[in-house]
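Presented below is the structure to which this report refers.
In what follows, chains carry the letters A, B, and so on, assigned in the order in which the sequence lines appear, proteins first and then strands, with residues in each chain numbered from 1.
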2 protein chains.
Amino acid sequence: MDIGEHTRHQDRPGGGPAGEDSPHRTRDARGTRLRILQAAGAVFAERGYEAATVRDIAGRAGVNQALIFRYFGSKQALLTEVMAQGGKEQLVSTPPDLLFETALRGVLAEGGKPDADRLLAVYLRSIGSADAAPDTVRALGEEYAAALAALSSADDGELRAQLAMAWLLGIGLMRVVVGQEPLASAEPDEICGHVLTALEGLLGDGKTPGGRAAERQPEERR
Amino acid sequence: MDIGEHTRHQDRPGGGPAGEDSPHRTRDARGTRLRILQAAGAVFAERGYEAATVRDIAGRAGVNQALIFRYFGSKQALLTEVMAQGGKEQLVSTPPDLLFETALRGVLAEGGKPDADRLLAVYLRSIGSADAAPDTVRALGEEYAAALAALSSADDGELRAQLAMAWLLGIGLMRVVVGQEPLASAEPDEICGHVLTALEGLLGDGKTPGGRAAERQPEERR
DNA sequence: CCCTTGTGTAAGCACCTGCTTACAAAGCTA
DNA sequence: TAGCTTTGTAAGCAGGTGCTTACACAAGGG
């Protein structure tokens, strides 16, 4: 699973003052910060936290590595910043009854689109090594699970919701990191149908039917 | 999750020829090799591949680190060896219709028992970083999925089986690595009941509509 | 005795890591 | 011009990494 499409800035060793067509304005602090964040997201997603080096990130962003420490302080803080961006937006902007399907489709879309936000890959690849990553995942996962649990009237609703979240993560792991076939190339609609059908009883608590989200026939793609 | 119980050999810097009561026979190649493998499994499981150092492993095993390279050649080869041991035993020794529940219970038991085989933790923590880890996981997962797929008459049986395997991995990830509550401390029986019920329609028979399976409640409601 | 083989060790090498420091230049005000 | 802040860079530091080398000691055979 090669990514292959990134910002095109390479580490230019010479950096001479000759007439090079610099693709970005120099001395643009906000732009530089953003490029570092994007490059960090890509490198963390590809290699995981430990294997990613700040020299790699700086090279990909086209900046000197000292700038990374000026802007973010440390490699760990950079990872935290990468993880923090855009984490909860989906959570607060999606009605709870559609939350799981939305999150699932987000996970499924990640493998396909090359330029999709690689947040999930960063999470998955950094969980094993970085100290802050499991905490971030746990905190985010708990909020998702709590929102999901509110839908169910079962007394162990939170556990059920976390089981559903675990399935999300596992599917993402298999598709994005491991790349197992045929799962990795399967149609999102097909996977979505299977998963939602299977979870119907787990999340829908039995009394009220799960609603449209659990219909076997997948809805039209958004 | 403190381990706390291992071979008690520490790296002794002096190593004087005085009358030291060595708790293991010296010059025992097979025993030394085994101790290295066990120590490597523990350290890889705790820290992940990248963060684990051969000096740590050697220290935990009570041997000189040069021995690790004599016995295994490289750190990567050591990881491969650790992953290879005992991977497929369960696969070939379990009838297919019990395979999923057996694997699930193995995953669930891992968090509780401190001295359980940490193979899953090694997998999960090393997936993000090591090169060979995803390949090993993919190969092993494909065999499990193939065995599971043989049970189903659906034409996409393999996909369904891999979805089930993904759930396994995700639950393990949440329990062992992330440690999310209440999932991490939940009773294996309870989780097992939920998961098996939910997967009934997915793995059982592709022809049976999923809604039917979700209609019945889990048998014992705690 | 020496020689060989198998097992274990101490010391180091070459390299890489995150991070820091000293410095240069751009932009701005006066 | 000078002075100041902001943005960027080159060079290096202290420490850790995987891995190698040279060596020590036990055991067995001639």
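The distance from atom CZ of A:Arg70 to atom P of D:dG8 is 8 Å, rounded to the nearest whole Å. As a whole-Å value, the separation of B:Gln76 CD from D:dG18 C1' is 12 Å. Rounded to an integer number of Å, the gap from CD1 of B:Ile68 to P of C:dG8 is 12 Å. Between the CD1 atom of A:Ile36 and the C1' atom of D:dG8 there is a distance of 11 Å, given to the nearest Å. Straight-line distance from the CZ atom of A:Phe69 to the C1' atom of D:dT7: 17 Å, rounded to whole Å. With rounding to whole Å, A:Asp28 atom CG is found 13 Å from D:dG8 atom C1'. In this structure, A:Ile57 places its CD1 atom 14 Å from C1' of C:dC19, rounding to the nearest Å.
A:Ala52 comes within contact range of the sugar-phosphate backbone alone, with a heavy-atom separation under 4.0 Å but no base atom that close.
Nearest to the side chain of B:Leu67, among C:dT9, D:dG18, C:dT20, sits C:dT9.
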Protein and nucleotides 11-13 of chain C: nitrogen or oxygen contacts under 3.5 angstrom:
from	atom 1	to	atom 2	distance (Å)
C:dG12	O6	B:Arg55	NH2	3.4

Any N/O pairs under 3.5 Å between the protein and nucleotides 26-29 of chain D? List them or say none.
from	atom 1	to	atom 2	distance (Å)
D:dA26	N3	B:Arg27	NH2	3.4

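A:Leu151 has its side chain out of reach of A:Phe100: every pair of non-hydrogen atoms, C-beta onward, lies at least 4.5 Å apart.
Taking only side-chain nitrogens and oxygens, A:Thr32 comes nearer than 4.0 Å to OP1 or OP2 of D:dG8. Remark: B:Tyr71 is not in phosphate contact with C:dT7, judged by side-chain N or O atoms under 4.0 Å from OP1 or OP2.
Taking A:Glu81 as the reference, A:Arg33 meet the salt bridge (charged side-chain N to carboxylate O under 4.0 Å, His left out) condition, with sequence neighbours excluded. For the salt bridge (charged side-chain N to carboxylate O under 4.0 Å, His left out) test, no residue two or more places apart in sequence or in another chain qualifies with B:Asp97. For B:Thr102, there are no side-chain hydrogen bond (donor to acceptor under 3.5 Å, both in side chains) partners two or more places apart in sequence or in a different chain. B:Arg105 is linked by a salt bridge (charged side-chain N to carboxylate O under 4.0 Å, His left out) to B:Glu101, B:Asp189, counting only residues two or more places apart in sequence or in another chain.
For B:Gln180 (side chain) and A:Arg138 (main-chain N/O), a donor-acceptor pair under 3.5 Å exists by modelled atom type.
We find that A:Asp56 and A:Arg60 are not joined by a salt bridge, their nearest charged nitrogen and carboxylate oxygen being 4.0 Å or further apart.
Atom CG of A:Leu173 and atom CG of A:Leu120 lie 8.0 Å apart (nearest 0.5 Å). For the atom pair OH of A:Tyr144 and CG of A:Leu148, the computed distance is 9.5 Å after rounding to the nearest 0.5 Å.
Between B:Arg30 and A:Lys75, the residue whose closest nucleotide on DNA chain C is further toward the 5' end is B:Arg30.
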